[in-house]
Amino acid sequence: MSNQYDAIIIGAGISGMYQLHTLREQGLSVKVYEAGTGVGGAWYWNKYPGCRFDSESYTYGYSWSEEVLQEWDYKERFAAQPDTERYLNFVADKYDFRKDIQFSTRVTKATYDEAAKQWEVELDDGSTARAETLVSASGPLNAHTLPRIPGIDSFKGEWAHTARYPKEGFGGRGIDQFKGKRVGVIGTGATGVQVIQEVAKTADSLTVFQLAPEWCAPLKNGPISSEEMKNIKANYKTIFAECNETFGAFRHKFDERSALEVSDEEREAFFEKKYHESGFGIWLGNFHDIMTDRKANDLITDFIARKIRSRVNDPKTAESLIPKDHGFGTRRVPMETQYFECYNKPNVKLVNLKWTPIEEIVPEGVKCNDELYELDIIIYATGFDAVTGSLKRIDITGKDGAKLTDKWANGPRTLLGMQTAGFPNLFTLVGPHNGATFCNIPRCIEQNVEWVADTVKYMKKNDFHSIEPSLEAEDAWTIHVDETAEGTLFPSADSWFMGVNINDPSKKRTFMLYAGGQQNYRAECDKVAENDYAGFVLK
Ligand code: NAP
């Protein structure tokens with residue numbers, strides 16, 4: 001006999017917890033299944049040294065609880081992982097979320113029973129549960145991927161992927177764990193950059209294995225004083241309202257001028273100012289056309305390249321650290337703190353895998369072009385099967401026995417990034433084609449969660465028991481999503497935005513996000529709801 005609920009949520013991260021709250025508020029019975037032993041999602045799993053977000057802390061928290069807003073103090077402009085995990089535990093305790101969350105439980109299978117209009121989920125202990133509504137809150141960056149390098153299992157030292165970094169580190173959580181150790185880091189995306197900065201501080205030696213450099217820019221973290229925090233607390237309403245008005249729900253707003261219409265001096269001064277501001281201003285607060293016009297993009301790209309050259313002593317190393325195949329901001333910009341200066345330290349070595357690829361991993365370390373780098377620890381910062389990976393890892397079967405993996409084999413097809421035809425009552429928070437996936441995530445998570453909660457309420461009120469997109473509406477949204485990408489320079493670069501993961505060659509290159517701006521996405525979702533869910537089939 002299955003456990004029976006009104007709604008089942010997969011994942012107890014930021015979105016899963018808030019979805020639990022909103023559905024419980026409606027008096028529904030809700031169960032959350034979470035693979036980890038605690039709440040937090042990305043902030044539970046990513047315990048690697050240096051992990052912190054690039055969103056201004058006070059824009060990142062939940063806005064729906066005035067009590068939490070007033071009770072929680074942020075200590076840093078960009079909070080570190082332990083603080084964010086603490087924050088999410090604080091919220092979970094305050095709202096007694098844990099009583100409806102089953103931890104250490106992975107959903108392995110989800111099958112739609114058309115006759116009963118219910119989902120049956122199978123858990124990794126073999127038990128099952130049923131509900132009319134199934135919400136995936138499993139995260140866009142959760143299904144981590146390891147490289148396909150020969151000999152990877154032969155390494156005799158310690159190793160971890162950053163997204164499954166051991167809770168206790170390799171002998172402690174701080175950077176002292178690297179003292180006296182020879183450490184290798186593979187991968188130099190936003191995660192790799194954060195790890196490298198920390199490991200470089202104490203390791204005997206750090207070898208960075210870099211396939212592709214990124215256009216990193218300074219984070220400019222710093223403390224938040226109690227006076228500042230008081231001011232933030234008094235102004236939360238304005239802060240969140242401002243976020244809701246911008247493209248990415250950050251406080252950074254694109255400048256209305258074109259990079260091409262100002263004088264060289266004015267442009268250089270503006271870039272310089274942005275480079276020294278904290279957070280994503282250099283990306284999302286820059287001239288509006290740096291993300292859409294190749295010539296405008298070339299100008300900021302050249303500026304950042306000059307910055308890298310000025311910060312790295314060895315010209316050959318500097319050239320290795322400068323991307324040559326994509327422009328600034330066309331992949332996710334990693335924010336850094338003294339990242340480039342790490343390469344001026346005697347204990348840090350950069351191995352450019354474009355020149356000397358990894359041949360194999362051996363018990364002693366990593367072998368590149370016959371050179372052996374002997375290591376005690378290998379950290380894989382090699383990324384994720386992004387956006388669709390966590391859904392793919394569940395065996396999801398919709399109507400008529402259709403598999404989600406088959407339906408999305410050539411790329412996802414959705415309406416509003418919330419649902420896909422043939423899989424009624426399955427909602428995909430922060431899923432593919434969803435405005436929340438290119439956003440200051442908690443801001444857009446709240447929109448996603450509230451839209452789903454309102455939809456469930458609407459169905460209950462009108463006695464509907466099934467909702468799914470019409471194929472026409474799904475086709476139209478999928479085309480629209482591609483059009484939003486074509487209006488930007490994102491397709492010019494290979495990245496997880498474009499569904500590219502070199503460790504999973506079966507993944508098709510197709511745009512995964514929604515690039516029309518979160519304000520437009522929000523408006524589209526509202527319009528659909530106001531028009532009795534136009535484009536969706538309700539029964
Ligand atoms: P990522 O951006 O996908 O970077 C993975 C890195 O590993 C890339 O440098 C990649 O090279 C390299 N790599 C992958 N497979 C490899 C292989 N077989 N051999 C050698 N190198 C390999 O992943 P991520 O750094 O974990 O970041 C993912 C996303 O998480 C970010 O874009 C961001 O949205 C989020 N994140 C946020 C924060 C924050 O808020 N501060 C911090 C960390 C992450 P190629 O690029 O050439 O494939």
Side-chain angles (χ1 to χ4, degrees), residues 14 41-43 45-57 59-60 77-81 84 139-150 152 161-165 184-198 207-217 219 221 248 250 279-280 283 321 323-326 329-337 339 350-354 356-361 366 368 378-387 389 430 436-442 490 493-505 507 512-513:
I14 299 179
W43 302 105
W45 292 111
N46 286 270
K47 289 187 163 70
Y48 62 86
C51 181
R52 66 175 66 247
F53 46 64
D54 297 334
S55 305
E56 283 69 16
S57 301
T59 69
Y60 199 88
R77 221 162 274 290
F78 302 93
Q81 178 272 334
T84 304
L141 296 163
N142 177 38
H144 66 291
T145 46
L146 283 164
R148 296 172 307 135
I149 302 174
I152 191 161
H161 188 285
T162 45
R164 294 296 178 273
Y165 203 84
V185 174
I186 303 182
T188 50
T191 303
V193 165
Q194 291 186 329
V195 177
I196 289 161
Q197 291 166 180
E198 294 305 298
T207 311
V208 176
F209 298 92
Q210 176 194 272
L211 203 53
E214 295 283 0
W215 292 110
C216 312
L219 176 65
N221 190 20
F250 290 90
F280 278 138
W283 190 22
L321 289 164
K324 302 290 189 298
D325 60 355
H326 67 279
T330 58
R331 291 160 52 119
R332 204 284 205 173
V333 176
M335 304 307 288
E336 47 87 19
T337 303
Y339 172 66
L350 180 69
V351 177
N352 186 333
L353 300 181
K354 290 268 153 75
T356 56
I358 297 179
E359 271 170 54
E360 60 176 329
I361 294 185
V366 174
C368 299
I378 300 178
I379 301 175
Y380 295 99
T382 44
F384 302 87
D385 181 352
V387 190
V430 205
T437 320
F438 188 74
C439 184
N440 186 1
I441 278 203
F490 289 138
D494 284 343
S495 71
W496 67 261
F497 293 179
M498 294 303 302
V500 175
N501 180 328
I502 58 160
N503 303 307
D504 180 3
K507 196 161 175 166
M512 287 282 155
L513 318 180

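Counting starts at 1 for both ligands and their atoms, following the listed order.
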Taking non-hydrogen atoms only, is Tyr380 closer than 4.0 angstrom to ligand 1 via side chain, backbone, both or neither? neither
In the structure I gave you, are the side-chain heavy atoms of Asp54 and Gln194 within less than 4.5 Å of one another anywhere? yes
Per atom 12 (C) of ligand 1, closest listed option by heavy atom (Gly187, Pro357, Pro323): Gly187
Looking at atom 20 (C) of ligand 1, what's its closest protein heavy atom, distance included? Ile186 CG2, 3.5 Å
Taking the side chain as everything from C-beta on, heavy atoms only, tell me whether Phe250 gets closer than 4.5 Å to Glu56. yes
Below 4.0 angstrom, counting only protein heavy atoms, does anything approach atom 10 (C) of ligand 1? no
Can you report which non-hydrogen protein atom sits closest to atom 13 (N) of ligand 1, along with the distance? Thr382 CG2, 3.8 Å
For ligand 1, which atoms, with element, lie under 4.0 Å from some heavy atom of Gly383? 3 (O), 5 (C), 23 (O), 26 (O)
Looking at ligand 1, does Tyr48 have a heavy atom less than 4.0 Å from it? yes
Residue selection (non-hydrogen contact nearest atom 21 (N) of ligand 1) among Leu211, Thr437, Asp494: Leu211
So, do Phe209 and Cys368 sit near enough that their side-chain heavy atoms are less than 4.5 Å apart? yes
Taking the side chain as everything from C-beta on, heavy atoms only, tell me whether Val387 gets closer than 4.5 Å to Thr437. yes
Looking at Ala212, which atoms of ligand 1 are within less than 4.0 Å of one of its heavy atoms? 46 (O), 47 (O)
Between Thr337 and Asn221, is there a side-chain donor-acceptor contact under 3.5 Å, judged purely by atom types and distance? no
Atom pair CD1 (Ile502) and CZ (Arg148), whose distance is rounded to the nearest 0.5 Å: 8.0 Å
Under 3.5 Å, is there a donor-acceptor pair between the side chain of Trp215 and the main chain of His326? yes
Taking the side chain as C-beta and beyond, is there a heavy-atom pair between Trp43 and Cys51 under 4.5 Å? yes
Arg52 to ligand 1: N or O pair under 3.5 Å? yes
For atom 48 (O) of ligand 1, what's the nearest protein heavy-atom neighbour? Residue, atom name and distance, please. Ile502 CG1, 4.1 Å
Out of Ala190, Ala163, Ala42, whose heavy atom is nearest to atom 36 (N) of ligand 1? Ala190
In short, Val185 meets Ala381 closest at the heavy-atom pair CG1-CB, 4.4 Å
Proximal atoms of ligand 1 relative to Phe53 (non-hydrogen, under 4.0 Å): 39 (C), 40 (O), 41 (N)
Measuring from the heavy atoms of Phe209, does anything fall under 4.0 Å of ligand 1? no
Flag side-chain contact, heavy atom, 4.5 Å: Ile379 against Tyr48: no
For a 4.5 angstrom cut-off between non-hydrogen side-chain atoms, does Tyr165 reach Pro49? yes
Can you pull out the closest protein heavy atom to atom 2 (O) of ligand 1? Residue, atom name and distance to 0.1 Å, please. Gly189 CA, 3.9 Å
Against heavy atoms of Leu353, which atoms of ligand 1 measure under 4.0 Å? 20 (C)
Near Leu141, which atoms of ligand 1 are under 4.0 Å from a heavy atom of that residue? 29 (C), 30 (O), 34 (O), 35 (C)
Taking distance alone, with no angle check, do Ala381 and ligand 1 share an N/O pair under 3.5 Å? yes
Any non-hydrogen atom of Arg331 lying under 4.0 Å from ligand 1? yes
Atom 43 (C) of ligand 1: which protein heavy atom is closest, and how many Å away? Thr191 OG1, 3.2 Å
Among all protein non-hydrogen atoms, which one is nearest to atom 32 (O) of ligand 1, and what is the separation to 0.1 Å? Trp496 NE1, 2.8 Å
Out of Asn503, Val193, Leu219, whose heavy atom is nearest to atom 14 (C) of ligand 1? Asn503
Backbone N/O of Thr188 and side chain of Gln210: donor-acceptor pair under 3.5 Å: no
What I want to know is whether Thr188 and ligand 1 share at least one N or O pair that is separated by under 3.5 angstrom. yes
Rounded to the nearest 0.5 Å, what separation is found between the OH atom of Tyr380 and the OG1 atom of Thr191? 16.0 Å
State, yes or no, whether a side-chain contact exists between Thr330 and Ser495 at a heavy-atom distance under 4.5 Å. no
Closest protein heavy atom to atom 42 (C) of ligand 1, given as residue, atom name and distance to 0.1 Å: Gln194 OE1, 3.5 Å
Has Glu214 got a side-chain atom pairing as donor or acceptor with Ala190's backbone, closer than 3.5 angstrom? no
Considering only the protein, which heavy-atom contact is closest to atom 40 (O) of ligand 1, and what is its distance? Arg332 NH2, 3.1 Å
